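Only one structure is covered here, and it is reproduced in the block below.
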Amino acid sequence: MPRTFLTAEWRKLIMAQYAVNPAILAPWLPRGLEIDLFRGQCFVSLVGFLFDRVRVRGVAIPFHTRFEEVNLRFYVTRTEADGARKRGVVFVREFVPRAAITLIARSMYEEPYRTLPMRHHITSTPASAEPDSLAVEYAWRHRGHWHRLAVEAAPIAQPIAAGSEEEFLTEHYWGYTKRTRGNTSEYGVEHPRWSIYPIRSHTVEADFTALYGPAFAPLSGVKPASVLLAEGSAVSVLKGTRLPG
């Protein structure tokens, strides 16, 4: 049984999707994986969320139990020798405001973390109020400029429909990392099925070229193909392993 490396809660996840040519992701695609498509489309997601109640191997690190994360991810699959198919994600880059998190992630797992100033705002009014709403915003400063990902939504979460794009985006339970020596690391992520809030409006203010490189320049200023807000849940991140080959 794999050991749990980290437990936490991931809350109020904003996910903004962009359709891209799969070829641009080749430099980040780890060995042994394939791009996972949804109805023939390849998506990258700009994701902001709140990391809360963080425990590393059961221990709470002072001043590192609650913080924001923003990442750019894409979706992959891996086929086991017995034909079993695993669906996972690969991160292009991950931003957090805590240097210790970046140090652990980069030194132990070679995850592409960077430390930046960050902030968030979550405000809500009850469904009985007029108007009822939920507003969530994540912001991060890179090279002196603040970038922003925000939504306004109805305050009552709804189940995710089977076979939907929302199910595709949230039901990937493996993380994969391309290591410097060319091999691939794999780790499991366990959490229950999430619920989502109906989106009323969204804002994406991000310079994709500055944040993620020229390959993603066409996404700057482009309206996302879709945006969702998931409530999230408690999660367990399992200890990683290096895959053979």
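All residue numbers in this chain count up from 1 along the given sequence. Treat the numbers as computed from the prediction; the structure is a model and nothing was measured.
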Which atom pairs, one a donor and one an acceptor, fall under 3.5 Å between side chains of residues 38-49 and the rest of the protein, sequence neighbours left out?
from : atom 1 : to   : atom 2 : distance (Å)
R39  : NH2    : G163 : O      : 3.3
S45  : OG     : Q17  : OE1    : 2.8
S45  : OG     : Y75  : OH     : 2.6

Apply side chain to side chain donor-acceptor pair (under 3.5 Å) to Q158 and list each qualifying residue two or more places apart in sequence or on a separate chain.
-> none
Does any donor atom in the side chain of S226 or E165 lie under 3.5 Å from an acceptor atom in the other side chain?
-> yes
Residues passing the ring-ring contact (aromatic ring centres under 6.0 Å, His included) test with Y187, sequence neighbours excluded, are none
For E167, all residues meeting salt bridge (charged side-chain N to carboxylate O under 4.0 Å, His left out), sequence neighbours excluded | R193
Taking I14 as the fixed residue, which of L228, L149, I199, T203 is the one that meets the side-chain contact (heavy atoms from CB on, under 4.5 Å) rule?
-> L149
With A139 via side chain to side chain contact (heavy atoms under 4.5 Å, CB included) - residues at least two apart = R119, E137, W146
Results of salt bridge (charged side-chain N to carboxylate O under 4.0 Å, His left out) for E231 - residues two or more places apart only = R11, K12
Can you name the side chain to side chain contact (heavy atoms under 4.5 Å, CB included) partners of A99, sequence neighbours left out?
-> T115
What residues form a salt bridge (charged side-chain N to carboxylate O under 4.0 Å, His left out) with R53, not counting sequence neighbours?
-> E9
H142: what forms a ring-ring contact (aromatic ring centres under 6.0 Å, His included) with it, not counting sequence neighbours?
-> none
Partners passing salt bridge (charged side-chain N to carboxylate O under 4.0 Å, His left out) against D207 (at least two apart in sequence or in another chain) = none
Can you give me every donor-acceptor pair (side chain of residues 86-97, partner residue at least two apart or in another chain, under 3.5 Å) with its distance?
from : atom 1 : to   : atom 2 : distance (Å)
K86  : NZ     : E80  : OE2    : 3.2
K86  : NZ     : E186 : OE1    : 3.1
K86  : NZ     : E186 : OE2    : 3.4
R87  : NE     : D36  : OD2    : 3.0
R87  : NH2    : D36  : OD2    : 3.2
R93  : NH1    : L211 : O      : 2.7
E94  : OE1    : Y113 : OH     : 3.1

Contacts of type ring-ring contact (aromatic ring centres under 6.0 Å, His included), residue H120, not counting sequence neighbours | none
